[in-house]
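Read the structure below first, then the notes.
Remember, predicted model here, so these are calculated numbers, not experimental data.
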Amino acid sequence: MLRIAVPNKGSLSGPAAEMLHEAGYQQRRESKELRIVDPTNEVEFFYLRPRDIAIYVSSGRLDIGITGRDLLVDSGARAEEILPLGFARSTFHYATKPGTANGIEDLAGMTVATSYEGIVAKHFADHGIDASVVHLDGAVETAIELGVAEVIADVVETGTSLRNAGLEIIGEPIMTSEAVVVRRTGGTADEDAEPKVQQFLRRLQGVLVARTYVMMDYDCRVEQLEKAVALTPGLESPTVSPLHNEGWVAVRAMVPSKNAQRIMDDLYAIGARAILTTAIHACRL
């Protein structure tokens, strides 16, 4: 069976389980379950702390796992990202009191407090910065006030908590993160599992596409077809079928869901009618 690590709690857990369910995989019914077997799909799921998943995968005990890009980098494990999943997005920044520094080059010789010392240490190494890193578990904003560090590095969403602490963001983002599928660097430990890994990835990619696109159907006059197709080019090209009424055709194409309403307005404006959108529940491209 394919052995897959899944986050057992936190912001990654719920969306990961939902995506796996949409991809046709059985998921646990109780949060206390640490392992379940999906015999139909020949998959065994292990529910682990998100911070530990990259380490388990790199050890070869598990074939692949779902974790955060930030946790993968922070772990330093010999594992690699093979598919971004588009949820649990976050951005990492340095922050300090106004006037302390303007960019990463000003942090040399300073002390940075963070819950992600692996990410910060790598970022300093990549930029040739010699600075100290202090590990703290949460509430790193108070580190500067208490004199533990001159700078902090943390996830920034709205920046409100930083402003409330009298801090400002400095420099470019350290990194952007999201949920990702990871595997052991160089491939899975069991080469026989590779076809199943590829099938797993195709299923998740299908979910991502299904969430991003809708199917659009409409009727239009033949003389307006080129304009209509320009609005709905589809992934390759739209399906066009003649209607019983001469001079009319039916068109079907996938369109980005975020643009669907605007596209429907534009189609109506050029004379298209019977414009419908349908959700896509699964696909293979």
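Evaluation of the side chain to side chain contact (heavy atoms under 4.5 Å, CB included) rule for Val229 yields Leu225, Pro238 as partners, not counting sequence neighbours. Considering only residues two or more places apart in sequence or on other chains, Tyr56 meets the ring pair (Phe, Tyr, Trp, His ring centres under 6.0 Å) condition with none of them. Legend: residues meeting side chain to side chain contact (heavy atoms under 4.5 Å, CB included) with Thr111, ordered by chain and number and at least two apart, are Ser132, Val134, Ala149, Glu150. Taking Glu81 as the reference, Arg69 meet the side chain to side chain donor-acceptor pair (under 3.5 Å) condition, with sequence neighbours excluded. Take Arg163 and apply the side chain to side chain donor-acceptor pair (under 3.5 Å) test, not counting sequence neighbours, and it matches Thr160. Residues forming a side chain to side chain donor-acceptor pair (under 3.5 Å) with Arg202 (at least two apart in sequence, or on another chain): none. For Gln27, the side chain to side chain donor-acceptor pair (under 3.5 Å) partners are Tyr47, not counting sequence neighbours.
Listed by first and then second residue, the side chain to side chain donor-acceptor pair (under 3.5 Å) pairs involving residues 263-279 are Arg262-Asp266 (not counting sequence neighbours). Residues in residues 26-36 take part in these salt bridge (charged side-chain N to carboxylate O under 4.0 Å, His left out) pairs, two or more places apart or across chains: Arg35-Glu44. Legend: side chain to side chain donor-acceptor pair (under 3.5 Å) pairs involving residues 203-216, not counting sequence neighbours, sorted by first then second residue: Glu22-Arg211, Asn41-Arg203. Applying the side chain to side chain donor-acceptor pair (under 3.5 Å) test to every pair with at least one member in residues 240-253, sequence neighbours left out, gives these pairs: Asp217-Arg252. Applying the ring-ring contact (aromatic ring centres under 6.0 Å, His included) test to every pair with at least one member in residues 123-162, sequence neighbours left out, gives these pairs: Tyr94-His123, Tyr94-Phe124, His123-His127.
Follow the hydrophobic side-chain contacts under 4.5 Å out from Val181 and you reach Met175 in the same cluster. One hydrophobic cluster holds both Phe45 and Leu83 under the rule that ILVMFWY side chains link at heavy-atom gaps under 4.5 Å. When the side chains of ILVMFWY residues are joined at heavy-atom separations under 4.5 Å, either directly or via intervening members, Leu201 and Val209 end up in two distinct hydrophobic clusters.
The environment of Asn259 atom CG is dense: over 12 non-hydrogen atoms of other residues, nucleotides or ligands sit within 6.0 angstrom. Other residues, nucleotides and ligands contribute at most 12 non-hydrogen atoms within 6.0 Å of the CG atom of Asp130.
Looking at every heavy atom in both residues, Gln224 comes nearest to Ile270 through CG-O, 3.4 Å. Contact detail for Arg184 and Ser58: the closest heavy-atom pair is NE-O, 3.5 Å.
Looking at Asp74 and Lys122, no side-chain N of the basic residue comes within less than 4.0 Å of a carboxylate O on the acidic one, giving no salt bridge.
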Exercise. Take Thr232 and Tyr218, measure what side-chain hydrogen bond (donor to acceptor under 3.5 Å, both in side chains) needs, and give me the verdict at the end.
Key: CA-CA 10 Å; Thr232 59; Tyr218 59 90; 2.7 Å; yes
Self-check item: Derivation and outcome, side-chain contact (heavy atoms from CB on, under 4.5 Å), residues Phe200 and Ile4
Solution: CA-CA 10 Å; Phe200 178 79; Ile4 302 175; 3.5 Å; yes
Quiz prompt | Stepwise side-chain contact (heavy atoms from CB on, under 4.5 Å) check, Ile152 with Ile144 | solution = CA-CA 7 Å; Ile152 65 169; Ile144 296 177; 3.9 Å; yes
